[in-house]
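The block underneath contains the structure these notes are about, expressed in structure tokens.
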Amino acid sequence: MYAYDTYDQTFVDQRAAEFRTQVARRLSGELTEEQFRPLRLLNGLYLQLHAYMLRVAIPYGTLSSRQLQALADIADKYDRGYGHFTTRQNIQFNWIKLEEAPDILADLAVVEMHAIQTSGNVIRNVTADHFAGVILGEADDPRITCEIIRQWSTLHPEFSFLPRKFKIAVTGSLVDRAAIRFHDIGIRIRKAADASLVHDIYIGGGMGRTPFVAPLVKANLSKAGLLSYLEAVLRVYNRYGRRDNIYKARIKILVDALGVDEFARQVEAEWMHTKLEGADLPEAEEQRIRAFFAGPAYETGLPATPIETPDLRETGFADWCKTSVFPHRVPGYAVVTISLKPIGGIPGDATSQQMRAIADLAEAYSRHEIRVTHEQNLVLPYVRQIDLPVLWRKLACEKLATANVGLVSDIIACPGLDYCSLANARSIPIAQRISERFAELQQQHDIGPLKIKISGCINACGHHHAGHIGILGVDRKGEEFYQIMLGGTGDETAAIGELVGPGFSSNTVVDAVETIVKTFLDLRQPGEVFLNAVRRLGLAPFKERLYARS
Amino acid sequence: MAKASSSRQAITANRLRDGAVVYLAVDGNWSENLAQAATAPDGDALKKLFDRAAQSARQNLIVDPVAIAVDDVDQTAPVSFREKIRLRGPSVRPDLARI
């Protein structure tokens with residue numbers, strides 16, 4: 001993991017101290033709310049429906065046990081004993097008092113954490129494949145690139161007041177677990193024919209009101225030219241992005257308006273300047289950062305599979321292995337995804353007790369490291385196969401061994417109208433009811449891979465456009481209604497879901513989802529997964545069943 | 001289900017120090033209890049309430065004051081779903097409910 005040097009630590013400490021003075025000035029009345037709001041947002045502090053909400057950055061979703069322990073302490077000391085892991089691999093606390101926020105930032109700084117650039121029109125937390133560095137077939141650990149971008153973009157003076165927020169994701173795999181093509185910039189690291197590392201740069205993707213799948217704008221960008229190229233992209237966006245209209249201010253609108261070729265041409269022209277300005281990272285510095293991600297010293301000669309005892313065979317261990325355990329690039333090891341989606345639970349929420357338990361388990365079984373996925377689950381990246389049974393038992397004790405990762409009840413849901421001041425409808429209760437409807441595990445396994453994603457408003461924090469089944473909550477004359485989209489996906493075959501038809505009431509939307517799933521089960525070909533069936537069949541058979549009665 | 005009818009409004013805001021949901025009370029203070037809120041029909045009386053709220057904002061007691069419709073029959077009940085959730089707390093965490 002990356003570790004702060006004196007410069008990083010001083011910067012974060014100073015930032016926390018600065019915020020303490022800003023809060024004091026606000027509480028004394030020296031600053032008005034209009035003056036203070038942008039300052040608190042620069043430190044991730046929002047005012048939501050019930051209280052202030054603090055969004056804490058988890059760079060590229062990587063946490064140490066010590067950091068997760070600190071987050072648990074914050075949940076207990078300053079919040080109400082829980083936190084919410086988000087689709088940007090961050091964590092949010094929902095019940096923060098303004099007068100205590102400076103103390104929280106100070107506590108975070110002690111464990112090399114902060115809330116900088118988790119809000120505002122800046123480059124937000126750079127996200128990565130949550131299996132970075134441990135999965136087979138990866139060209140490079142994307143977190144190295146993420147960390148370089150994080151250091152380059154933090155308080156970048158030229159990009160601190162962009163037309164709109166800016167999101168970057170990086171993967172080093174052909175399998176896309178980071179939804180890169182739904183980002184302002186998506187980066188895929190590849191090995192070129194000569195084995196050198198190159199980047200394919202996708203620009204202008206996004207969800208929200210106007211969803212786009214990012215087109216490829218620059219292929220085969222050399223590692224050495226990455227930052228100067230990104231600087232050129234941001235400079236073109238900063239100059240021509242629509243500051244006059246918040247709904248048209250994202251880079252996706254600019255790329256669409258100019259066309260990919262013209263946008264690429266303008267970036268290339270700007271790149272001629274940025275290359276000469278020394279934006280690129282010296283090789284020695286790249287190597288210094290790379291060294292932090294070398295990974296642990298692995299044991300050799302470990303058994304390749306866990307030893308199954310009779311009690312394991314009878315108690316669901318195999319089901320859990322099927323969904324939660326993934327192959328590791330090192331023989332004898334496994335990557336374990338911990339579901340934060342218990343049946344009927346709140347997607348992405350973890351209690352302080354669960355956070356402490358996971359921190360302890362990571363310490364004992366995963367080299368002190370945890371990952372946060374954009375699908376609101378957690379990952380232990382370095383588990384020995386022989387430790388899987390005991391890990392599973394301990395996770396089960398904390399209600400953290402639900403064997404549903406990637407299945408119908410592993411639902412992304414934004415906080416929705418239960419917490420968020422922007423939301424039009426609730427997301428969480430819909431997710432809870434769907435997971436209860438499909439609670440029976442064998443049924444979930446029969447249905448197979450199926451990603452349901454729910455947003456409570458058009459801003460799409462719940463990624464509904466990229467859901468195999470996407471659900472968007474809307475307000476219709478004071479009532480919650482839900483539109484359903486089919487066929488979206490954030491993977492390497494990225495696609496935007498298509499609206500099936502008129503929306504459903506809160507009372508009928510779960511029935512509608514069940515009808516869609518039953519239609520799939522009736523019409524699927526042997527071995528066919530939901531997304532492929534939708535692509536083969538189109539919307540017609542689903543519409544027919546959904547709206548037959550009307 | 002019959003829609004609630006509303007001819008009166010209350011003023012709500014978030015308390016500056018902790019962000020808590022508060023309502024402008026009859027006594028001019030800010031209360032977490034909507035039952036204590038002053039209500040008024042649209043017009044001069046409501047404007048007076050809003051002026052008082054604006055003064056509280058200038059005194060750094062509250063932020064973002066807005067008028068909300070309350071039920072004519074049960075004036076302790078907001079009309080909009082969003083305000084019902086603000087009043088009671090997240091619907092998915094009854095253990096954290098305010099009322």
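To find a chain, count down the sequence lines: A is the first, B the second, and so on, and within it residues start at 1.
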Contacting region of B:L87 [heavy-atom separation from chain A under 4.5 Å]: neither

Which bit of B:S80 is near chain A, if near means a heavy-atom gap under 4.5 Å: side chain, backbone, both or neither? neither

With only heavy atoms counted, which part of [X] is less than 4.5 Å from chain B, the side chain, the backbone, both or neither?
X: A:L417; result: both
X: A:E33; result: side chain
X: A:L47; result: side chain
X: A:E100; result: neither
X: A:Y78; result: neither

Salt bridge flag under 4.0 Å for residues A:R37 and B:D64: yes

Identified side chain to side chain contact (heavy atoms under 4.5 Å, CB included) counterpart of A:Y52 within the set B:L16, B:D18, B:N14: B:L16

Looking at A:L27, A:T32, A:D475, which one has more heavy-atom pairs under 4.5 Å with chain B than the rest? A:L27

Between [X] and [Y], is any pair of side-chain heavy atoms under 4.5 Å apart?
X: B:N60; Y: A:F36; answer: no
X: A:H50; Y: B:I85; answer: yes
X: A:R426; Y: B:V92; answer: no

With no hydrogens and no angle check, is any side-chain donor or acceptor of B:R82 less than 3.5 Å from a backbone partner on A:S421? yes

Heavy-atom pair with the smallest gap, counting every atom of A:G478 and B:F81: O-CB, 4.4 Å

Would one find more than 12 heavy atoms of other residues, nucleotides or ligands at under 6.0 Å from atom CG of B:D44? no

In terms of heavy-atom pairs under 4.5 Å, which option from B:R98, B:R88, B:R93 contacts chain A the most? B:R93

